[in-house]
Amino acid sequence: MASERIRDLLARERAGGEVIVEGWLRTARHAKGRSFLDLVDGSCGSGLQVVAEEDLAGYEQEIRPLRTGAAVRVRGELVDSPGRGQRYEVRAREVEVVGPAGPDYPLQKKRHSFEFLRTIAHLRPRTNTLGAVFRVRNAAAMAIHQWFQERGFLWLHTPIITTSDAEGAGEMFRVTTLDLGEPPRDPEGRVDERADFFGRPAHLTVSGQLEAEIGALSHGRVYAFGPTFRAENSNTARHLAEFWMVEPEMAFLELDGLMDLAESFLRDLMGRLLEECAEDLALFDQRIAPGLLARLEEVASKPFARVAYGEAVEILARSGRRFEHEVALGADLKTEHERHLCEEHFRGPVIVHDYPAAIKAFYMYLNDDGRTVRAMDVLVPGVGEIIGGSQREHRHDVLLDRMRACGLDPETYWWYLELRRFGSVPHAGFGLGFERFVQYLTGMANIRDVIPFPRVPGFAEF
RNA sequence: UCCGGAAUAGCUCAGUCGGUAGAGCAGGCGGCUGUUAACCGCCGGGUCGGGGGUUCGAGUCCCUCUUCCGGAGCCA
C-alpha cells in the first residue's frame, strides 16, 4: 500500500479507509492512555493529527518518547475527528519510528527568529513559515514558466559561464582552473590567461539578456530563467550574490508593448498565485505581513500607473517632501524617491519610463531627443524596483556610438553588433528578480529567507 | 563599502544608578488531561561574542575585533 500526502488526505470528501502517512512531528502531546502526534510532510501548511492509543504495539518504548522532529510512518484509519481544531485525524494501527530526534533538536514549537533559522538552513524548511515560502517559490516558478509557455515563449538556456568581460550589471565572479598560488606566467611575468580553461578570462553570468536577444531574433519570443551572480559587496535585505532572474526578450516589440507585457505578466501571476497558494498566502497575511492579501488582490485587479521619468521628477519636486538625496533632472531615482512614488503618490505599482541615457546601459534604445532611452522600471510598494527593462538599440551605428561613449570595446561584443547587421528588428525585454518577486508575494522582509540557500558576502554555508 | 543598532541559558528575551545574573519556552523528574504551539509542580542549565582598558568592583562605562540586524550606495 502506497503512502499518501497530507494535502490530499485533507482534501478528501469524507473520512474512512486505511491510509499510510509519512512525515515529521511538529509536536507530540502525550496524554494519559494515548498520544496526539501532529504530523507534517511538507505537502501543505496544515498538519495531520495522529492519535495513538496505549494498546498499540511498542507504545511505551517507541511512541511515548516521540518528540518534535522525529520522522514516522503511520498506518491507520482516516476518521472524523471528535476533537476541535481539525476535520480529520488518523487513528493509528501502527506507528513506525523511522528516524527519531533527540532532545537537542534545534527547532521548537514556538517562534524562532529568522536570523537563527538562517544558521540552520538544513532544518528551517521544516518550519511553518519557511515551508510555506518554499512552496510559494515553487508555485511561482512554475506559474512563470506556464505564463510564458502559454504565450509561445521559448525557454532559452543561457550560459552560466560567460566570457563577455563586462555587461555593465555589476562585479563578476571569476571562474578559473588556474593554480592561484602559482599561476602560469607569460614572458613578461604576467598571469597567462591563455593557459586558463577557456583560453581567456571567464566569469559567472550577471544576466542572460545579451544571449536572450540572440534567441529573440531567431524565435521571436524567448525567456531566460536561471541563476545569476553578482560579486557586489551588497549587504541589504534585497540583494543576494546568487539569485534567479526571469528575462523575457521579444522581437518586433517596442517600449509601450514591453510595459504592457510586464504589467500583464505581474498581474496575471498575482491572480493565479492568489488562487494556487491560498493557504500559504493566508499564513503570510496573518503572521508576516498584515494586509498582504488585499495588496496582492489590488495589484491583480488594477492597472499600473505609468509615468515618464521627467514627470516623475516633477511629482517628487512638487511633493513638498524633504529627501535625503536631492531630486534633480538627469540624476537617477534613489530608493527613497521610488518608494515615495509607489507607496505614497500612486499607492500601488508604478512604471517609470524614458530615463536619461546618461544613467542607463549602452544597449537601450536612444530616443529621437538624443537624451533619453526607452527604459522602464516597475516599482512596487515594499520591495521597490522589481522589474527593469528596455527596448534594445537595434540600429547598428547608434549602438556602436553608444558602446564607444560608454567606454566598451566593440570587439568584445562583435556578435552582439552583428545581430544588428543581419535582419535586425526592434526588440525589447525585461529582467525580474525572482527572489524579489517571491518577497513581494510573501511579504518576507529579508531576501535571504525566500531562497533555500542564500549566498551573500561572507556566507555560503550549506 | 558607509551610517546606525545589537550580541546575556539550547531558543525568545529582561537585567534599573557599575555591586559577579532572571523569566518564558525547550530539557529532566512527577502529576493531570480527547489533547490543540495543552496544563500544573519540582529540578538541572551561563567564561554575559573575542581581546584590551577604566574602576575597590564591569553584563552594565571606554577602545578594538568578529558576527548579525536595520538603513544607504550598487542593483534585480
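Keep in mind that what you see is a predicted model, and the values were worked out from it rather than measured.
The six-membered or imidazole ring of A:His353 lies away from that of A:Tyr309, with a centre-to-centre distance of 6.0 Å or more. Ring pair A:Phe430/A:Phe265: centre-to-centre distance below 6.0 Å.
Judged by distance alone with a 3.5 Å cut-off, no donor-acceptor contact links the side chain of A:His112 to the base of B:C11. A donor-acceptor contact under 3.5 Å is formed by the side chain of A:Ser234 with the base of B:C74. In the interface, the side chain of A:Glu53 is not paired with the base of B:G34 through any donor and acceptor atom under 3.5 Å apart. You won't find any donor-acceptor pair under 3.5 Å spanning the side chain of A:Arg111 and the base of B:G24, going by distance alone.
Checking B:A7 for Watson-Crick or G-U wobble geometry (two distances, each under 3.5 Å) identifies B:U66 as its partner. Using Watson-Crick or G-U wobble geometry with both donor-acceptor distances under 3.5 Å, B:U54 finds no partner in any strand shown. Both distances falling under 3.5 Å, in either a Watson-Crick or a G-U wobble arrangement, place B:A72 opposite B:U1. Look at B:G22: its Watson-Crick or wobble partner, with both distances under 3.5 angstrom, is B:C13. When Watson-Crick and G-U wobble pairs are counted only if both distances are under 3.5 Å, B:G28 pairs with B:C42.
Under the 3.5 Å distance criterion, with hydrogens and angles disregarded, no donor-acceptor pair is assigned to the side chains of A:Asp41 and A:Trp24. Donor-acceptor pairing under 3.5 Å is recorded for the side chains of A:Asn128 and A:Arg26.
Proximity of A:Arg29 to the phosphate of B:A38: a side-chain N or O atom is located under 4.0 Å from OP1 or OP2. Between A:Lys32 and B:G31 there is no side-chain polar atom (N or O) within less than 4.0 angstrom of OP1 or OP2. The side chain of A:Ser113 contributes an N or O atom lying less than 4.0 Å from OP1 or OP2 of B:U12. Put simply, A:Arg91 has no side-chain N or O that comes within less than 4.0 Å of OP1 or OP2 on B:G34. Dashed line: the shortest gap from a side-chain N or O of A:Thr335 to OP1 or OP2 of B:G73 is under 4.0 Å. For B:U36, neither phosphate oxygen OP1 nor OP2 lies less than 4.0 angstrom from any side-chain nitrogen or oxygen of A:Thr27. When the side-chain nitrogen and oxygen atoms of A:Arg84 are compared with OP1 and OP2 of B:U35, none of them lie within a distance under 4.0 Å.
Taking atom P on both B:C43 and B:A23, the two are 10 Å apart, rounded to the nearest angstrom. Rounded to the nearest Å, the gap between the C1' atom of B:G44 and that of B:A9 is 11 Å. Only the P atoms considered, B:U60 is 13 Å distant from B:U8, to the nearest whole Å. Nucleotides B:C25 and B:G34, compared at atom P, are 22 Å apart to the nearest Å. A gap of 32 Å separates the P atoms of B:C17 and B:G41, to the nearest Å. For the P atoms, the distance linking B:U66 with B:G50 amounts to 15 Å, nearest Å. Distance noted for atom C1' between B:G18 and B:G53: 15 Å (whole Å). For the C1' atoms, the distance from B:C75 to B:G71 is 16 Å, rounded to whole Å.
At the heavy-atom level, A:Glu89 lies under 4.0 Å from base atoms of the strands shown. A:Glu385 comes within 4.0 angstrom of sugar-phosphate atoms only, judged by non-hydrogen atoms across all strands, and of no base. Within 4.0 Å (heavy atoms only), A:Pro103 reaches sugar-phosphate atoms of the nucleic acid but no base atom. Across all strands shown, A:Phe243 has heavy atoms under 4.0 Å from base atoms, whether or not it also approaches the sugar-phosphate. Residue contacts for A:Leu107: at a heavy-atom cut-off of 4.0 Å it reaches no nucleic acid atom on any strand shown. Nucleic acid contact for A:Glu435: none, since no nucleic acid atom lies under 4.0 Å from a heavy atom of the residue. Residue contacts for A:Arg67: at a heavy-atom cut-off of 4.0 Å it reaches the sugar-phosphate backbone alone, with no base atom in range. Counting non-hydrogen atoms under 4.0 angstrom, A:Thr236 reaches a base of the nucleic acid.
Comparing B:G73, B:G34, B:U1 by their closest approach to the side chain of A:Asn233 singles out B:U1. You'll find that the side chain of A:Asn235 is closest to B:U1, out of B:G34, B:U1, B:C74. Nearest nucleotide to the A:Phe116 side chain, out of B:U12, B:G71, B:G34: B:U12. Counting only heavy atoms from C-beta on, A:Gln108 has its side chain closest to B:C25 among B:U33, B:C68, B:C25. Side-chain atoms of A:Lys334 lie closest to B:G73 of the nucleotides B:G73, B:C69, B:C25.
Regarding A:Leu333, its CG atom lies at a distance of 16 Å from the C1' atom of B:A72, rounded to whole Å. Counting to the nearest Å, the C1' atom of B:A72 and the CD atom of A:Glu338 are 13 Å from each other. Rounded to a whole Å, the CZ atom of A:Arg238 is 9 Å from the C1' atom of B:G71. Whole-Å rounding puts the A:Ile359 CD1 to B:C75 C1' distance at 13 Å. Protein atom CD of A:Glu232 is 10 Å distant from nucleotide atom C1' of B:G73, rounded to whole Å. B:C11 atom P lies 14 Å from atom CG of A:Leu123, rounded to whole Å. Taking atom CG on A:Leu39 and atom P on B:U35, their separation rounds to 20 Å, with Å as the unit. Between the CZ atom of A:Arg34 and the P atom of B:U36 there is a distance of 13 Å, rounded to whole Å.
A:Phe462 and A:His122 have parallel rings, their planes meeting at less than 30° on a 0 to 90° scale where 60° marks the start of perpendicular. In this structure, A:Phe153 and A:Trp147 have tilted ring planes: the angle between them lies in the 30° to 60° band. Under the 30°/60° scheme for interplanar angles, the aromatic rings of A:Phe225 and A:Trp244 are found to stand perpendicular.
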- Message: Between A:Leu266 and A:Tyr440, is the side-chain contact (heavy atoms from CB on, under 4.5 Å) condition met? List the steps.
- Response: CA-CA 11 Å; A:Leu266 283 178; A:Tyr440 192 62; over 6 Å; no
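Within the 3.5 Å criterion, the main-chain N or O of A:Asn235 finds no donor-acceptor partner in the side chain of A:His239.
Taking for each of A:Glu324 and A:Gln86 the nucleotide of RNA chain B with the nearest heavy atom, the 5'-most of the two is the partner of A:Gln86.
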